[in-house]
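Reading through the structure tokens given below for one structure.
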There are 2 protein chains.
Amino acid sequence: MATAAAPAERSRRVVRPRADALRNRERIVAAAREMFVEFGPEVPFDEIARRAGVGNATLYRHFADRAELIREVVCSVMDRTSEQAELALAEEGDAFGALRRFVHAAAEERIGALCPMLSGDFDKEHPDLDEARDRLEGLVEQLMARARTAGQLRTDVAVGDLMVALSQLTRPLPGSGCVNFDQFVHRHLQLFLDGLQAPARSELPGTAATLEDLRQKACKA
Amino acid sequence: MATAAAPAERSRRVVRPRADALRNRERIVAAAREMFVEFGPEVPFDEIARRAGVGNATLYRHFADRAELIREVVCSVMDRTSEQAELALAEEGDAFGALRRFVHAAAEERIGALCPMLSGDFDKEHPDLDEARDRLEGLVEQLMARARTAGQLRTDVAVGDLMVALSQLTRPLPGSGCVNFDQFVHRHLQLFLDGLQAPARSELPGTAATLEDLRQKACKA
DNA sequence: TCTAAACGGGGACGCCCTCCCCGGTTATTT
DNA sequence: AAATAACCGGGGAGGGCGTCCCCGTTTAGA
């Protein structure tokens, strides 16, 4: 019995994680996301642990250092955002309407919280990160391509333009979160989206960029 | 001799500031502005002093605490931005063109650096601050009113919308400044401005707000 | 019921920021 | 031009805070 290796045993690797351990890990990531959004990536680990309802030791047991936790949160947010993009692609008939829906949904996922994480000690080369970024970029590219093909999106913008502006506009104000700041965010996103519509009302300076360009530029800086 | 009070003595107050002291003060404010833009309001005083080319003691001699230095920098940036607004009002013929010119000029003044300063210990009630804010708001209101009257600006936006979005879009990425991030900023501002143009391409959620509303909301939070 | 993995919180270590002190330097006065 | 006093600069002590470990206790899993 005790040594009966079930067929599922292989998927458990060498040691199996306990059920509450997995649950705690998820709670930590969720709490970290909230704290990062509200106070930035420098928030003390102990505070994150308190928010998650676990001891600080548990946090250090799951994540070796801050960079690892940040990466986990970043990937998590990107994945959630990708899911929103897929929903928008699947459920929305109008091409530009899908883009609008995605943008507002991404704001709700607090994608702007990712911005402060691009600083400091943060391994931008991790494969998990590349995968999450590529997936998200591909989906957003699809959304934009459809709108562009439909003649609803101006032709001089790229994924990088949308994602950077989206991140910036949804970035939380540091310190105490403004009560109804969300309301403003969606107004600004709406205005920005109006600016993205075809026909273009002005000529843009510079050139469009992909997320890959941004990553390289960020590293180079 | 030593006690001979010259006629000009009255204008010198009790003690007269030395020439190099005044120069150092200006250099400190300028350096602080750069450092705040690049690293946020939590940047160490010693670093600011180093950038300014003065000793740290000189910095503490001129500013009692961090809040005082931050306030000085904030007022300085607002004043510079107000000057840009006046120039745009005076020199630009087209109403919306003046607005565009102001927005891009404000970005160059790094007005987005003000955002992180709204957090933490920061006396939002100081008269100098109120004065600078009122002046700037009045000028921007003029710019927007002219464009609105000319039928070039959508009617469902107010000063608060423009200033908050402007601050958000020009906020620097923390950590190492991205080399050609400026190029992106101006692209996004241009897109946002296109969304501000009349006729409105979509309906905005929520309601417009003035800077006064923002201040109260920020305090309330 | 038994075993061991996982948990939790208290506390020491170490870092960094703040602020003061004092010898040297520079602007101003006669 | 010399004297004087205000100002400057760098080094270092003090203090707060975040990180990380240790060990008694709890709880999932068999």
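Letters A, B, ... mirror the listed sequences (proteins, then strands); counts begin at 1. In this text, all values refer to a predicted model and were calculated from it rather than measured experimentally.
If you check every strand for non-hydrogen atoms under 4.0 Å, B:A19 touches sugar and phosphate atoms only. In this structure, B:A21 reaches the sugar-phosphate backbone alone: every heavy-atom distance under 4.0 Å involves primed, P, OP1 or OP2 atoms, never a base. Looking at heavy-atom distances under 4.0 Å, A:F45 makes contact with sugar-phosphate atoms alone, never a base.
Taking atom CG of residue A:L59 and atom P of nucleotide C:dC7, one finds them 11 Å apart after rounding to whole Å. Atom pair A:R18:CZ and C:dA6:P shows a separation of 6 Å (rounding to whole Å applied). Rounded to a whole Å, the CG atom of B:D46 is 10 Å from the C1' atom of C:dC19. Atom CZ in A:R27 sits roughly 12 Å away from atom C1' in C:dC7 (whole-Å rounding). As a whole-Å value, the separation of B:H62 NE2 from D:dC7 P is 8 Å. C:dA6 atom P lies 12 Å from atom CZ of A:R25, rounded to whole Å. Between the C1' atom of D:dC8 and the CG atom of B:L22 lies a distance of 14 Å, rounded to the nearest Å. Taking atom CD1 of B:I48 as the reference point, atom P of D:dG10 lies 16 Å away to the nearest angstrom.
Distances shorter than 4.0 Å separate some side-chain N or O of B:N24 from OP1 or OP2 on D:dC8.
In the model, B:R187 has no side-chain atom that pairs as donor or acceptor with a side-chain atom of B:Q190 under 3.5 Å. Counted by atom type alone, A:H62 and A:E68 present zero donor-acceptor pairs between their side chains at under 3.5 Å.
The side chain of B:N56 sits closest to C:dC19 out of C:dC19, C:dG11, D:dC8. Picking from C:dC17, D:dA28, C:dG8 the nucleotide with the shortest atom distance to the side chain of B:R66 gives C:dC17. Out of C:dC17, D:dG18, D:dC8, the shortest distance to the side chain of A:P44 is found at D:dG18. Closest to the side chain of B:R61, from the set D:dG9, C:dC7, C:dA6, is D:dG9. Distances were taken from every side-chain heavy atom of A:Y60 (C-beta onward) to each of C:dG9, D:dC8, D:dT19; the shortest belongs to D:dT19.
A salt bridge between A:R135 and A:D79 is present, with a side-chain N of the basic residue lying under 4.0 Å from a carboxylate O of the acidic one. Remark: A:E91 engages A:R101 in a salt bridge, criterion side-chain N to carboxylate O under 4.0 Å. The pair B:E72-B:R25 meets the salt-bridge criterion, since a charged nitrogen lies less than 4.0 angstrom from a carboxylate oxygen.
Each of A:G53 and B:A57 has a nearest nucleotide on DNA chain C; the 5'-most of these lies closest to A:G53.
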